[in-house]
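First up is the structure itself, then whatever we jot down about it.
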Amino acid sequence: MSVSEAAKRPEHRGRTLRLLIAFLLVIAAGIGLAWAGTNPLRGETTESGVRIRTVEKGEGPFVQPVDGVLVEYEGRLADGTVFDDTARHGGPQPMIAGQVIPGFAEALTKMQKGGRYKIRIPSQLAYGATPPAGAPIPPNADLEFDVHVVQIVPDAALMGAPPQQ
């Protein structure tokens with residue numbers, strides 16, 4: 001090898017490695033942005049395991065356990081089988097937020113009037129191993145609901161309570 005060839009030989013040490021690392025960082029950043037962008041589609045999962053996704057934001061105060069609510073809902077099993085809905089009952093149904101299955105009660109406290117929500121309730125916060133007799137809900141079934149909060153009646157559970165002494 002001549003002196004002129006040695007002088008013109010390019011230095012490539014580490015260049016390929018740096019290019020590979022930069023490429024991997026760009027891919028990781030893209031994955032991170034995609035994950036962050038889909039976060040609203042996944043919704044919030046509470047500590048107990050109830051998953052709540054806001055489809056349409058409501059307004060006003062959040063439902064409290066002593067509030068009465070008028071809701072439209074459709075309840076499904078994980079395989080998509082509808083086991084109950086308000087259309088079967090003639091329209092929106094009234095209920096006291098704290099007097100429904102635990103997972104539904106917890107989800108209601110994250111809802112506002114006019115809002116539409118999708119919720120998934122793990123079996124231990126629904127009916128567990130003992131669903132209601134004759135219900136199409138099998139034991140240990142997770143439940144999914146589409147919920148529309150039509151109206152909130154603050155402190156409705158207290159309205160019928162005997163006076164405090």
Side-chain angles (χ1 to χ4, degrees), residues 23-162:
F23 183 68
L24 291 174
L25 286 173
V26 168
I27 290 174
I31 291 170
L33 285 172
W35 185 83
T38 61
N39 198 32
L41 299 177
R42 286 189 299 276
E44 166 191 359
T45 301
T46 66
E47 285 185 31
S48 65
V50 175
R51 190 172 57 219
I52 305 150
R53 182 168 62 95
T54 301
V55 176
E56 184 178 316
K57 189 171 172 28
E59 57 185 35
F62 289 94
V63 175
Q64 299 300 308
V66 293
D67 291 345
V69 291
L70 188 62
V71 297
E72 295 174 333
Y73 66 85
E74 179 181 86
R76 293 177 308 283
L77 301 175
D79 68 2
T81 302
V82 175
F83 63 84
D84 193 15
D85 62 35
T86 51
R88 295 179 192 181
H89 302 291
Q93 294 296 299
M95 58 185 73
I96 300 295
Q99 296 177 359
V100 293
I101 60 173
F104 201 88
E106 181 178 352
L108 281 171
T109 64
K110 307 283 186 181
M111 299 181 186
Q112 298 170 290
K113 177 183 175 184
R116 294 183 183 276
Y117 307 88
K118 290 189 174 289
I119 61 176
R120 182 174 177 91
I121 302 171
S123 66
Q124 69 272 16
L125 295 175
Y127 296 106
T130 55
I137 302 169
N140 302 312
D142 292 346
L143 305 179
E144 298 175 358
F145 289 89
D146 291 335
V147 180
H148 173 221
V149 179
V150 177
Q151 188 63 264
I152 299 173
V153 180
D155 300 325
L158 304 176
M159 291 178 186

Inset, instruction - List for me each residue that meets side chain to side chain contact (heavy atoms under 4.5 Å, CB included) alongside Ile27, sequence neighbours excluded, and say none if there are none. - result: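 Ile27 satisfies side chain to side chain contact (heavy atoms under 4.5 Å, CB included) with Phe23, Ile31 once adjacent residues are dropped.
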Inset, instruction - Using the test side chain to side chain contact (heavy atoms under 4.5 Å, CB included), find all partners of Pro65 that sit at least two apart in sequence or belong to another chain. - result: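 Expected list: Thr109.
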Mind listing the closest non-hydrogen atom pair of [X] and [Y] along with its distance?
X: Ala105; Y: Ala97; value: CB-O, 3.2 Å
X: Ala129; Y: Pro139; value: O-CB, 3.6 Å
X: Ala126; Y: Leu143; value: CB-CD1, 3.6 Å
X: Ile96; Y: Ala156; value: CD1-CB, 3.9 Å
X: Thr86; Y: Val71; value: CG2-O, 3.5 Å
X: Pro136; Y: Leu77; value: O-CD1, 3.8 Å

Show me the side-chain donor-acceptor pairs of residues 116-123 shorter than 3.5 Å, one per line, residues at least two apart or across chains.
unit_1 : atom_1 : unit_2 : atom_2 : d
Tyr117 : OH     : Gln112 : N      : 2.9
Lys118 : NZ     : Asp146 : OD1    : 2.8
Lys118 : NZ     : Asp146 : OD2    : 3.4
Arg120 : NH1    : Glu144 : OE2    : 2.2
Arg120 : NH2    : Asp142 : OD2    : 3.3

Nearest-0.5 Å distance, [atom1] of residue [X] to [atom2] of residue [Y]:
X: Gln64; Y: Asp155; atom1: CD; atom2: CG; result: 8.5 Å
X: Asp84; Y: His89; atom1: CG; atom2: NE2; result: 3.5 Å
X: Thr130; Y: Ile137; atom1: OG1; atom2: CD1; result: 11.0 Å

Legend entry - Flag side-chain contact, heavy atom, 4.5 Å: Lys110 against Val50: no
Legend entry - Side chain proximity check, Leu125 to Ile101, heavy atoms < 4.5 angstrom: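 With C-beta onward as the side chain, the pair stays apart.
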Legend entry - Set of ring-ring contact (aromatic ring centres under 6.0 Å, His included) partners for Phe145, sequence neighbours left out: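 Per chain and number, Phe145 pairs via ring-ring contact (aromatic ring centres under 6.0 Å, His included) with Phe83, Phe104.
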Legend entry - Selection residues 57-74 - residue pairs positive for salt bridge (Lys or Arg N to Asp or Glu O under 4.0 Å), sequence neighbours left out: Glu74-Arg76
Inset, instruction - Using the ring pair (Phe, Tyr, Trp, His ring centres under 6.0 Å) rule, collect all pairs that involve residues 57-77, keeping only residues at least two apart or in two chains. - result: none
Inset, instruction - Using modelled atom types only, decide if a donor and an acceptor are shared between the side chain of Gln93 and the backbone of Gly91 within a distance under 3.5 Å. - result: yes
